[in-house]
Amino acid sequence: MDTFKIINHHGEEVECEILFVYEDIETYKTYIVFTDHSVDQYGRQEVQSFIYNKETSMSEPIETEEEWMMLEMIFENLLKENDHVR
């Protein structure tokens, strides 16, 4: 399990678990999808994502609906694959 720490919007340091990393061969962007294990109002685990810029070692926000849809599709497929294995 790969983890990293972030400072949340309350100023607290929180450990996050990387769920998957996706490198797009067309755009050369690296997407990191992760969770800090917090839950939403419906009891579902919160999942977040950002673009990781390898050249600057900085994160960048995902700004397009197409990128969000692509990551959601990849994540859903990974969940289906894991359910199939169990």
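Reckoned from all heavy atoms, side chains included, excluding hydrogens, waters and symmetry mates. Every value quoted in this text rests on a predicted model; they were computed, and no experiment measured them.
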Does the ring-ring contact (aromatic ring centres under 6.0 Å, His included) test come out yes or no for Phe50 and Phe34, once each step is laid out? CA-CA 9 Å; Phe50 59 80; Phe34 65 96; 5.4 Å; yes
Under the salt bridge (charged side-chain N to carboxylate O under 4.0 Å, His left out) rule, what do Lys29 and Glu60 come out as? Steps first, then yes or no, please. CA-CA 10 Å; Lys29 291 182 180 180; Glu60 301 171 10; over 6 Å; no
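Between the Asn8 side chain and the Glu12 main chain, a donor and an acceptor come within less than 3.5 Å of each other.
When every heavy atom of Ile62 is checked against every heavy atom of Ser49, the shortest pair comes out as CD1-OG, 3.3 Å. Across all their heavy atoms, Glu46 and Thr35 have their closest contact at O-OG1, 2.6 Å.
Ile6 and Ile51 are not part of a single hydrophobic cluster, where members link through side-chain heavy atoms under 4.5 Å apart. Ile32 and Phe75 fall into different hydrophobic clusters, where Ile, Leu, Val, Met, Phe, Trp and Tyr side chains are chained together by heavy-atom contacts under 4.5 Å. Residues Ile18 and Tyr52 fall within the same hydrophobic cluster, defined by Ile, Leu, Val, Met, Phe, Trp and Tyr side chains chained together at heavy-atom separations under 4.5 Å. Hydrophobic clustering (side-chain heavy atoms under 4.5 Å, transitive across Ile, Leu, Val, Met, Phe, Trp, Tyr) keeps Leu19 apart from Val21. Linking ILVMFWY residues whenever their side-chain heavy atoms come closer than 4.5 Å, directly or via other members, leaves Phe4 and Phe20 in distinct clusters.
A 4.5 Å side-chain heavy-atom check between Asp36 and Gln48 finds at least one atom pair inside the cut-off. Met70 has its side chain within reach of Asp24: a pair of non-hydrogen atoms, C-beta onward, lies under 4.5 Å apart.
To the nearest 0.5 Å, atoms CD (Glu66) and CG (Leu71) are separated by 12.0 Å. Atom CD of Glu15 sits about 5.5 Å away from atom NZ of Lys5, to the nearest 0.5 Å. With values rounded to the nearest 0.5 angstrom, Met69 atom CE is found 10.0 Å from Thr64 atom OG1. For the atom pair His37 NE2 and Glu17 CD, the distance stands at 4.0 Å (nearest 0.5 Å).
Using a cutoff of 4.0 Å between basic side-chain nitrogens and carboxylate oxygens, Lys54 and Glu23 are scored as salt-bridged.
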